[in-house]
Colleague: 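Have a look at this one before I ask anything.
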Amino acid sequence: MSIIELIQDGVIKAVKSLYGADISPADITMNSTRKEFEGDYTVVTFPFTRIARKKPDEIAEEMGQFLVREVTHIQQYNVIKGFLNLSVSDSFWRQFLEEIHHNEQFGRQPANGQKVLVEFSSPNTNKPLHLGHIRNILLGWSASQILEAAGYEVVKVQIVNDRGIAICKSMLAWEKYANGATPASTGIKSDHFVGDYYVLFEQKFQEEYKHWQHTEKAQALLAGWLASKEALKAEKELAQKRAKDQKELDAKIAAGTLPDDSTLQDEDYSLGKYFFKGFKDEYFNQYSTLGAEARTMLLRWEEGDEPTIALWRRMNDWVYEGFNETYEKLGVHFDKLYFESNTYLLGKDMVEKGLAERVFYRKDDGSVWADLTDAKLDHKAVMRSDGTSLYITQDLGTAHLRYEDFGVEKMVYVVADEQNYHFQVLFEILKRLKEPYANGLHHLAYGMVDLPTGKMKSREGTVVDADDLIAEVVEEARKNSQERDTLSGISAEEQNAIVNQIALAALKFFIIKVYPQKRMTFDPKESVDLQGQTGPYVQNAYVRVRSVLRKGGELDLSPATAYEKLEAQEREMLAQLYAFPELVQTAAGDYDPSAIANFCYDLAKAYHRFYHDYSILNADTEAAKAFRLQLSRAVANVLKLGMSLLGIEMPERM
RNA sequence: GGUCCCGUAGCUCAGGGGAUAGAGCAUCUGACUUCUAAUCAGACGGUCGCAGGUUCGAAUCCUGCCGGGAUCACCA
């Protein structure tokens, strides 16, 4: 039994013995004692006033006496305004520390025999990875590590969107404009190389589109639209948008972030522009030459045309090579990759099964639907009238395939919160199809990443590239490292490795510490901070321990048993360490890496303060010295494991 | 418009029924002959979006409103 359970048990007995009532652990409010008061755990006695018909202070007093008498490890108590603060005996903490200080895996739970699959990253192959992918990857990796620590067997996968019109655009642009250039011939990182051709396609297409807008055909279409009701609606919408933009601009000027003579002049609120913006897809599909060529290429790909497939393979391989470099820099890897080119036709047998079991119905036009209105969702199409698959059809099939591949009872999808509805629908359908893993599905949704200047928009070129960002934090860490001379004694190679560890700790911690479901603002300047509530701050606590342990050498730690009176700061850290295993379980249950990040920070903070206030190697007694070395080691172990659950490595020095 | 997520210090975020709401950044002030100062201590900074309700007790739970975002395709 844990000390917390012992106390709860004691409280239940106390209530029974003192007031003759039966309560359950759920009726007890217990927290760790606030720093400003003496004690380790606090029982709130207000809820018992009704049962005892006494004042909180009286209850606390009686209960405190009872617990000290009846619960072995409760040494003393004090009462403040109805709060019963309990102190755990020094010997309990000493024994706890004795048990864990040498255990580098303390906090890791034994295998629970369950298997979980985690899907994350899941990029498209037409563009390099960006900041949004980084949040996804870090959350996915971290969630995987946490689940593993909580006892699950974890399978890490991604689904790669390697097919479709987007990659065809890159392929076409490369074929038309590259003159045989390759990543090797240009020296450009290979996924960026492919992305450049995607961008080039969009440029050429825009040029073509602009040109077309002046043709008679285009002007006639515009004139027709201008006479329609939609144009009236659009006019209102534009007027509203203009007013809103003006208000924002005024606010910025008032705040002094923009010069007083700023205007909205550059913005085009004309109806013509509005129309052609909305008409873009139709133009692409019906009028554009480049659009026709790209669609032809997709058709050829679907027919299995050899040269097209060869080009597709070649360009996708470039992309994977580039992605792998980025994954390696981030320190993540996958157990299996699923490719949409293999899975996009899956799910049709599940549609059949669903029809047979009346989970789906067929409309007159042949399309197949699920009626989810009784689950407060809508009707959802799962197959087109021409018998082809939809996105969700593929997801149904892929889920089933994964179950066949791995026999998992849980599946976690790390996907941005814009797809919340999609996953509600997907999970509901899988439940109705009675898939065996249907109750173990979870969508780990996370909010978009904004920049201090606003949303990332590819059209405006404000997307933060993953590789650039990593390079930037490494550079910052290098500069900082050079300003100190702490690494002068070691090889350049080791220095590099450490600088990398520090840089990535800064970046990763900055992102993971935020609760996943929250939209977050990513300030590049703050993300490279190495001080304060940051990854390097936590690393530094670890490094301090390592340094002390190096200096301490092979000391005999057995005198620790003679350490008599623990300091408040020591007890605080012990209580933190004590809570770690349960935190791992909670974080796994909530799929919440930010909880681990915040814990690591709090523990590091407590250690930094302790380190400043007390001497370890020069402690007054051998007992204190041995005890503090044990404590330091335990803290280091937990920090190292905790941070590893976030995908962050700990350097030995920094 | 329906549904979902978010609103806490100037900024970035913790806390998710209990004590006087906490950190970091920024600003200011102190602490390195002593285990790594990537550290520590202090000052400054709050109508926890607003209004009701439940409760001995609400930043936390409920309802309504306001603000921000997402989503509501035989797209992915």
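Numbers restart at 1 for each chain; the letters A, B, ... are given by sequence-line order, proteins then strands.
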Colleague: With sugar-phosphate meaning primed atoms plus P, OP1 and OP2, does A:N85 contact a base, only sugar-phosphate, or nothing at under 4.0 Å between heavy atoms?
Modeller: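 It contacts base atoms.
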Colleague: State whether A:R163 places a side-chain N or O below 4.0 Å from either non-bridging phosphate oxygen (OP1 or OP2) of B:A76.
Modeller: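 So the side-chain polar atoms of A:R163 never come under 4.0 Å of the phosphate oxygens OP1 or OP2 of B:A76.
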Colleague: Could you tell me whether the side chain of A:H608 reaches within less than 4.5 Å of the side chain of A:R544, counting heavy atoms only?
Modeller: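 Yes - at least one pair of side-chain heavy atoms lies under 4.5 Å apart.
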Colleague: Once you round it to whole Å, what is the distance between P of B:A14 and CZ of A:F599?
Modeller: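 Answer to the nearest Å: 18 Å.
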Colleague: A:L377 near the nucleic acid: base, sugar-phosphate alone, or nothing, with a heavy-atom cut-off under 4.0 Å?
Modeller: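 The residue A:L377 makes no contact with any strand.
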Colleague: A:L355 and A:R362: which non-hydrogen atoms are nearest, and at how many Å?
Modeller: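 Looking at all heavy atoms of both residues, the closest pair is CD1-NH2, 3.4 Å.
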Colleague: Contact class for A:T49 (heavy atom, under 4.0 Å): base, sugar-phosphate, or nothing?
Modeller: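 Counting heavy atoms under 4.0 Å across all strands, no contact is made by A:T49.
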Colleague: For A:T42, answer base if it contacts any base atom (sugar-phosphate contacts may also be present), sugar-phosphate if it contacts only those atoms, and nothing otherwise; contact means non-hydrogen atoms under 4.0 Å.
Modeller: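 Counting heavy atoms under 4.0 Å across all strands, the contact made by A:T42 includes a base.
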Colleague: Once you apply a heavy-atom cut-off of 4.0 Å, does A:K455 come out as touching a base, just sugar-phosphate, or nothing?
Modeller: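 Sugar-phosphate contact only.
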Colleague: So, is B:C32 syn or anti if syn means the angle is within 90° of 0?
Modeller: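 In terms of base orientation relative to the sugar, B:C32 is syn.
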Colleague: Applying a 4.0 Å non-hydrogen cut-off, can you work out what A:P56 is touching in the nucleic acid: base, sugar-phosphate, or nothing?
Modeller: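 The answer is nothing, as A:P56 stays clear of every strand by at least 4.0 Å.
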Colleague: Using the ring-ring contact (aromatic ring centres under 6.0 Å, His included) rule, take A:F522 and A:F510 through it: C-alpha gap first, then chi angles, then the decisive distance, then the call.
Modeller: CA-CA 9 Å; A:F522 184 89; A:F510 184 78; 5.4 Å; yes
Colleague: Could you walk me through whether A:F48 and A:Y19 pass ring-ring contact (aromatic ring centres under 6.0 Å, His included), step by step?
Modeller: CA-CA 9 Å; A:F48 304 131; A:Y19 314 119; 7.9 Å; no
Colleague: Distance check, C1' atoms only: B:C28 and B:A70, in whole angstrom units.
Modeller: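 Straight-line distance between the two C1' atoms is 42 Å.
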Colleague: Report which part of the nucleic acid A:Y515 touches: base, sugar-phosphate, or nothing (heavy-atom distance under 4.0 Å, all strands).
Modeller: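 Sugar-phosphate, no base atom in range.
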Colleague: How would you label the contact of A:F46 with the nucleic acid (heavy atoms, under 4.0 Å): base, sugar-phosphate, or nothing?
Modeller: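 Base contact.
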Colleague: B:C56, OP1 or OP2 - any side-chain N/O from A:R50 closer than 4.0 Å?
Modeller: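 Answer is yes, contact under 4.0 Å.
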Colleague: Would one find a side-chain N or O of A:K518 under 4.0 angstrom from OP1 or OP2 of B:G7?
Modeller: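 For A:K518, the contact criterion (side-chain N or O under 4.0 Å from OP1 or OP2 of B:G7) is met.
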Colleague: Using a cut-off of 4.0 Å on non-hydrogen atoms, how would the nucleic acid contact of A:V514 be classed: base, sugar-phosphate, or nothing?
Modeller: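 Since only primed, P, OP1 and OP2 atoms lie under 4.0 Å of A:V514, the category is sugar-phosphate.
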Colleague: Indicate, with a heavy-atom threshold strictly under 4.0 Å, whether A:L390 touches base, sugar-phosphate, or nothing.
Modeller: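 Touches sugar-phosphate only.
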Colleague: Look at the side chain of A:R295 and the backbone N and O of A:N285, then say whether any donor-acceptor pair between them is shorter than 3.5 Å.
Modeller: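 Side chain of A:R295 to backbone of A:N285, a donor-acceptor pair under 3.5 Å: yes, one is there.
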Colleague: Using a 4.0 Å heavy-atom cut-off, does A:M448 contact any base of the nucleic acid, only the sugar-phosphate backbone, or nothing at all?
Modeller: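 Since no nucleic acid heavy atom lies under 4.0 Å of A:M448, the category is nothing.
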Colleague: Under 4.0 Å between a side-chain nitrogen and a carboxylate oxygen: does that hold for A:K380 and A:E428?
Modeller: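 Looking at A:K380 and A:E428, the cut-off is not met.
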Colleague: Base of B:A38, side chain of A:T486 - is there a donor-acceptor contact under 3.5 Å?
Modeller: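 There is none.
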Colleague: Are there any protein N/O atoms within less than 3.5 Å of an N/O atom in nucleotides 21-23 of chain B, and if so, which ones and at what distance?
Modeller:
unit_1 : atom_1 : unit_2 : atom_2 : d
B:A23  : O2'    : A:Y601 : OH     : 2.7

Colleague: Quick one: A:L530 CG to B:A37 P, roughly how many Å, whole number?
Modeller: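 After rounding, the reported distance stands at 16 Å.
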